[in-house]
Amino acid sequence: MKARNQTAISEFLLLGLTEDPALQPLVFSLFLSMYLVTIMGNLLIILAVSSDSHLHTPMYFFLCILSANDICLSTSTVPKMLVNILRQDQSITYSGCLCQVCFFIIFVGLENCLITVMSYDRYVAICHPLKYTVIMNPRLCAVLVLLSLVISIVHALLHTLMVLRLSFCTDLEIPHFFCELAQVLKLACSDTLINNLLVYLVAVLFAGVPLSGIIFSYVHIVYSVLRMPSSGGKHKAFSTCGSHLSVVSLFYGTGLGVYISSAVTDSSRKSAVASVMYSVVPQMLNTFIYSLRNRDMKVSVRMLMGRTPAIL
């Protein structure tokens with residue numbers, strides 16, 4: 001293939017999930033529905049927590065940040081795909097593609113950090129309940145969120161700047177519905193060894209360290225709960241962790257599923273379909289997990305919905 005310097009590249013082509021024109025309306029309707037549910041559900045959580053003073057605690061503060069991040073993560077990929085389907089245009093500019101790569105990595109990384117911070121919050125609440133308000137003070141909560149954001153931004157910029165050094169071939173078709181880093185690297189004509197090593201190294205760090213922290217937190221949580229004398233206390237402790245454990249399982253489970261799917265199949269289109277499970281679905285399901293499994297959230301949402309007609 002004939003290589004071109006990246007400065008000569010004007011656009012990439014996003015092939016999407018299917019090339020069948022008859023299926024495009026179905027894909028559009030499905031993704032639009034999931035996107036709207038994600039936006040409305042997460043906004044509802046943010047409004048419910050903000051309007052209820054009983055929920056002004058570190059756990060729900062982190063939940064609000066997670067909900068805002070889920071909105072941003074979905075917005076970084078889905079709207080562009082919907083616009084392309086409406087316009088029947090598969091193109092995305094070179095700068096737009098790199099921005100999509102960067103923002104997607106930022107929000108995925110922030111999601112990873114936030115669920116780790118939330119596990120630490122549950123660890124302190126259950127294992128050190130008397131010191132909870134002292135340890136998880138507003139300043140520490142803000143620092144943890146800002147630190148997570150800085151780490152995610154540095155992580156994303158590192159990958160994005162490494163892509164800038166690459167030259168690309170004349171074949172600029174991405175068999176995906178958004179610019180995923182792995183797919184962009186496959187289009188490069190120049191040597192991507194350093195890029196791929198960086199991807200694997202950072203993936204191990206970003207997955208291994210937070211996951212180890214989560215496992216450490218829950219090992220101590222389980223040990224502390226089993227030592228509680230009353231069954232009511234045990235049930236209450238486990239119920240406060242149920243929603244978070246569901247989110248952790250969904251996040252890491254879908255990510256592992258996509259990795260296995262891409263490893264066992266050579267079809268880029270099948271990998272693109274599988275990637276929907278970690279790039280779109282978890283952000284939608286998180287709203288149901290926290291709204292349906294958390295009693296305080298259910299009460300707060302009912303109160304918010306009850307006040308809405310009066311406001312209107």
Student: Would you name the heavy atoms of Cys113 and Ser152 that are closest together and state the gap between them?
Tutor: SG-OG, 4.2 Å
Student: If every non-hydrogen atom of Arg165 is compared with every non-hydrogen atom of Met162, which pair is closest and at what distance?
Tutor: CG-O, 2.7 Å
Student: Quick one: does Ile92's side chain get under 4.5 Å of Glu11's, heavy atoms only?
Tutor: no
Student: Donor-acceptor check, side chain of Ser119 to backbone of Thr116, threshold 3.5 angstrom: yes or no?
Tutor: yes
Student: To check you understand the geometry: which heavy-atom pair defines the closest contact between Asp191 and Leu166, and what is its length?
Tutor: O-CD2, 3.7 Å
Student: Centroid separation under 6.0 Å, is that true for the rings of His244 and Tyr218?
Tutor: yes
Student: Which heavy-atom pair separates Met34 from Thr38 by the least distance, and what is that distance?
Tutor: O-OG1, 2.7 Å
Student: Hydrogens and angles aside, do Asn69 and Glu111 bring a side-chain donor and acceptor to less than 3.5 Å of each other?
Tutor: yes
Student: Consider only side-chain N and O atoms of Asp70 and Asn286, and report whether a donor and an acceptor are under 3.5 Å apart.
Tutor: yes
Student: If you count heavy atoms of other groups shown closer than 6.0 angstrom to CZ of Phe206, is the number above 12?
Tutor: yes
Student: Do you know the tightest heavy-atom contact between Leu13 and Ser91?
Tutor: CD2-CA, 3.9 Å
Student: Is the number of heavy atoms from other residues, nucleotides or ligands under 6.0 Å of Ile194 CD1 greater than 12?
Tutor: no
Student: Are Val78 and Leu43 connected into the same hydrophobic cluster when the rule is that any two of I, L, V, M, F, W, Y join if their side-chain heavy atoms are below 4.5 Å apart?
Tutor: yes
Student: If you take the centroid of each ring, where Trp contributes its six-membered ring, are Phe61 and His56 closer together than 6.0 Å?
Tutor: no
Student: Run Cys179 and Leu14 through side-chain contact (heavy atoms from CB on, under 4.5 Å) and show every step you take.
Tutor: CA-CA 8 Å; Cys179 287; Leu14 296 173; 4.0 Å; yes
Student: Less than 3.5 Å apart, any donor N or O on the side chain of Asp52 or Tyr60 sitting next to an acceptor on the other?
Tutor: no
Student: As a test of understanding, state which of Val219, Val209, Val248 forms a side-chain contact (heavy atoms from CB on, under 4.5 Å) with Ile214.
Tutor: Val248
Student: Spell out, yes or no, whether Ile85 and Leu30 are grouped together once hydrophobic residues are joined by side-chain heavy atoms under 4.5 Å, including indirect joins.
Tutor: yes
Student: How far does OH of Tyr120 sit from CG of Leu144, to the nearest 0.5 angstrom?
Tutor: 7.5 Å
Student: Does Phe12 form a side-chain contact (heavy atoms from CB on, under 4.5 Å) with Thr93? I'd like the steps, not just the answer.
Tutor: CA-CA 6 Å; Phe12 292 95; Thr93 62; over 6 Å; no
Student: Looking at Gln90 and Asn84, would you say the former's side chain and the latter's main chain have a donor-acceptor pair under 3.5 Å?
Tutor: no
Student: Where is the tightest heavy-atom contact between Val184 and Phe168, given as atom of each residue plus distance?
Tutor: O-CE2, 3.4 Å
Student: Check the hydrophobic clustering (I, L, V, M, F, W, Y; side-chain heavy atoms under 4.5 Å; chains of links allowed) and say if Leu161 and Tyr200 are grouped together.
Tutor: no
Student: Would you check if there is a donor-acceptor pair between the side chains of Thr75 and Tyr35 at a distance under 3.5 Å?
Tutor: yes
Student: Can a donor-acceptor pair be found, under 3.5 Å and without considering hydrogens, that links the side chain of Ser74 to the backbone of Ile71?
Tutor: no
Student: Give the cluster check for Tyr123 versus Ile215: same hydrophobic cluster or not, with ILVMFWY residues linked at side-chain heavy-atom distances below 4.5 Å.
Tutor: yes
